[in-house]
Amino acid sequence: VYMYEMWPLSFDDNLFGTPRPIPTIISAEFDRRTALRSMLRSKYGIVDESRGLGARNRSPEVTTFILFFATFTSVIGMELLSLEEKHGAASSGTAIFVRRGKLVRRQSFTNLDDDTEVARNIAKVQIDLGYHTLSLMRLRKLPPEPVVYKLLIQACGRTKVTHRASALMDMLARDGLATNSEIYTSLIAAFTNDDSQAPSSLALYHMYGDENMSSMSSSNHNQLDKRTVSSASSESSLISESASQPISSSINRRDRMKRAVTGRFSNSSRSGVLKSSMKGKKKIGKPRLAKKHNLKLTTAIAKQIELGESLLESVYPGIDIDMEHACPNCATMLSEADIGTGWTPCASNDYQTVCHACSSKFVPKFSVSCKDASFEGSQGKGTPLYCDHLSPWVLLREIRSVMAATGVESILDVKFRKGSDISASLWWNMVVTFRRYKLPFIFLLQGSFQNQLILPSPSLNESTTDSIHL
């Protein structure tokens, strides 16, 4: 190796040799990936996956939960939004609604008509389903993911449905995410999107739950000193003062809310929050695909999954999804779990899996068959549809790209899953992945029905989390 004594003003070309040619097998693989990415970019555009929310979680199950919330929370309040955009001129007061990355001015109705009331009830039920799915994530003792809370809180604020706010605050405190800056920003935005209904600092303080905070304080009672007690007393007076005195601007209100909330967690619960944070940072070994029969479920989610399976069968009679795939190198039959084990965690650009028998890499596939003669497969109508089996990390990146380009409405449209192109493959991958980890997928079928599929039910209104095993 030639070493320059100082940084040269120009390089000597004679010091460079002839580069070795790239092997044909490697260049062919690069060409295949380039062609696939070009097709996706031309149709949907590409989102910067390196900064994708939650894309760096090594757990395939947690990444699947993130995929669910990324898509489902975008569906929440769609009916309410369409009505308010249509009848906004008849209302009083304004607010800002974010849709497809654009700011849309919407109106808050003074007197809700029947259609708006129905749409708001639907949004409430959708929030309930999101809350129960978040409870399911905690029931399975999965590490908390801030983006999941952020998406659900944003949906609550967007639709002004806040009946689950106290329960969400309790979850945040238990998971050690109450002081997360992104979640706190979403929380402030959610409760200040309408000045007429914005809670005071005292109301926000109570949302964190006096019972939860008292239990945390009692557990750390022996560790409290006089300084901590006096600090808590001063914070309580600050909250009372901010609640009783008028606030001249939204900036002052947010500052007071911030001091009240962060002050509450800064002393007496600091050790509890730190302990909760460390629970989510346990040493993670090689992630494994959870077994189908060993997944916990709540009664509410189990009923939604059962309804989804029934509706899927009605839309696609005699549907059969074959997840097994033979290794092209050694012909070993690989199950869905075997394929999942061979995925590289967090590799959102890697479409391949590794065969456990011969360690060769290949792109796995699954097939979808239907007895309906109009079902269009890879070779035309009446034939099976063969789809690349994507890892949760790849699927999350691709779905985010679609949503960024065309919105979640395109995914719900029946045309998105018709045919044999990449969009149909993405849709069926979502169904397969949600079924794998026992998550609700009923909202993906909404385009096939005129009536709303997610309706009020006693199971969704319940706050209990009775678990069952499937």
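Everything numeric in this text was worked out from a predicted model, so none of it was measured.
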Show which side-chain atoms of residues 373-384 pair as donor or acceptor with protein atoms under 3.5 Å away, not counting sequence neighbours.
residue	atom	partner	partner atom	Å
S374	OG	D372	OD1	3.0
S374	OG	D372	OD2	3.0
S378	OG	Y386	N	2.9
T383	OG1	Q379	N	3.1
T383	OG1	G380	N	3.3
T383	OG1	G380	O	2.6

Show every donor-acceptor pair shorter than 3.5 Å between a side-chain atom in residues 18-25 and any protein atom, with sequence neighbours excluded, or say none if there are none.
none

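By the 30° and 60° cut-offs, the orientation of the rings of F68 relative to F434 is perpendicular.
L136 places none of its side-chain heavy atoms less than 4.5 Å from the side chain of K438. Between T71 and F443 there is a side-chain heavy-atom pair separated by less than 4.5 Å. Annotation: side chain of L444 is not in contact with side chain of L312 (no heavy-atom distance under 4.5 Å). For the pair K303 and H132, the minimum side-chain heavy-atom distance is 4.5 Å or more. Residues L334 and P364 fail the side-chain proximity criterion, which asks for heavy atoms closer than 4.5 Å. The shortest distance between side-chain heavy atoms of V432 and E336 falls below 4.5 Å. Here the side chains of C370 and P317 are in contact, with some heavy-atom distance below 4.5 Å. Taking the side chain as every heavy atom from C-beta outward, V402 and F416 approach each other to under 4.5 Å.
To the nearest 0.5 Å, atom CG of residue L390 and atom CG of residue L395 are 6.0 Å apart. In this structure, CD1 in I301 is found 3.5 Å from OG1 in T133, a value given to the nearest 0.5 Å. In this structure, CG on D322 lies 7.5 Å from OG on S369, to the nearest 0.5 angstrom. To the nearest 0.5 angstrom, R435 atom CZ is 14.5 Å from M430 atom CE. Here the CD1-NE2 distance, from I339 to H356, works out to 9.5 Å after rounding to the nearest 0.5 Å. Rounded to the nearest 0.5 Å, atoms CZ (R158) and CE (M78) are 10.0 Å apart.
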Just do the side-chain contact (heavy atoms from CB on, under 4.5 Å) check on T344 and V354 with the steps written out, would you?
CA-CA 9 Å; T344 302; V354 179; 5.7 Å; no
Before giving the answer on side-chain contact (heavy atoms from CB on, under 4.5 Å), spell out for T64 and L396 the whole-Å C-alpha distance, their side-chain angles and the decisive distance to 0.1 Å.
CA-CA 8 Å; T64 302; L396 176 61; over 6 Å; no
Verify side-chain contact (heavy atoms from CB on, under 4.5 Å) between I454 and I122, making sure each step is shown before the conclusion.
CA-CA 7 Å; I454 304 177; I122 292 175; 5.9 Å; no
Evaluate L151 against Q154 for side-chain contact (heavy atoms from CB on, under 4.5 Å), listing each step before the verdict.
CA-CA 5 Å; L151 291 170; Q154 288 176 341; 4.1 Å; yes
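Looking at S348 and W393, their side chains never bring a donor and an acceptor atom within 3.5 Å of each other. A donor and an acceptor atom, one from each side chain of R417 and S448, are located under 3.5 Å apart. Checking S59 against N57 by side-chain atom types alone, no donor-acceptor pair falls below 3.5 Å.
Residues S360 and N329 come closest through the heavy atom pair OG-CB, 3.5 Å. Shortest non-hydrogen contact noted between Y149 and I183 is CB-CD1, 3.9 Å. The shortest heavy-atom contact between I321 and F366 is CG2-CD1, 4.0 Å. Pairing each heavy atom of F69 with each of L134, the nearest pair is CZ-N, 3.6 Å. The minimum heavy-atom distance linking S74 with M403 is given by the pair OG-CE, 3.1 Å. Across every non-hydrogen atom of V161 and K124, the tightest pair is CG1-CA, 3.8 Å.
Between the side chain of S335 and the backbone N or O of D338 there is at least one donor-acceptor pair closer than 3.5 Å. In this structure, N429 contributes its side chain and D388 its backbone to a donor-acceptor pair below 3.5 Å. Without hydrogens or angle criteria, D175 side chain to L177 main chain gives no donor-acceptor distance under 3.5 Å. Using a distance-only test at 3.5 Å, with no hydrogens or angles considered, a donor-acceptor pair links the side chain of Q446 to the main chain of L453. Side-chain atoms of S391 come within 3.5 Å of backbone N or O of V394 as a donor-acceptor pair. Looking only at distances, a side-chain donor or acceptor of R120 sits under 3.5 Å from a matching main-chain atom of T159. In terms of modelled atom types and a separation under 3.5 Å, the side chain of D413 and the main chain of S410 share no donor-acceptor contact. Checking side-chain atoms of S367 against main-chain N and O of L385 turns up no donor-acceptor pair under 3.5 Å. With S314 contributing its side chain and L311 its backbone, the two residues share a donor-acceptor pair below 3.5 Å. Not one N or O on the side chain of E324 forms a donor-acceptor pair closer than 3.5 Å with the backbone of M333.
Taking the ring centroids of Y351 and H389, they lie at or beyond the 6.0 Å cut-off. The ring of F441 has its center no closer than 6.0 angstrom to the ring center of W427.
A salt bridge links R140 with E61; the closest basic N to acidic carboxylate O contact falls under 4.0 Å. Salt-bridge annotation for D170 and R174: present, with a side-chain N of the basic residue lying under 4.0 Å from a carboxylate O of the acidic one.
Sparse packing is recorded around NZ of K361, with 12 or fewer heavy atoms of other residues, nucleotides or ligands lying under 6.0 Å away. In the displayed structure, E309 atom CD is contacted under 6.0 Å by more than 12 heavy atoms of other residues, nucleotides or ligands.
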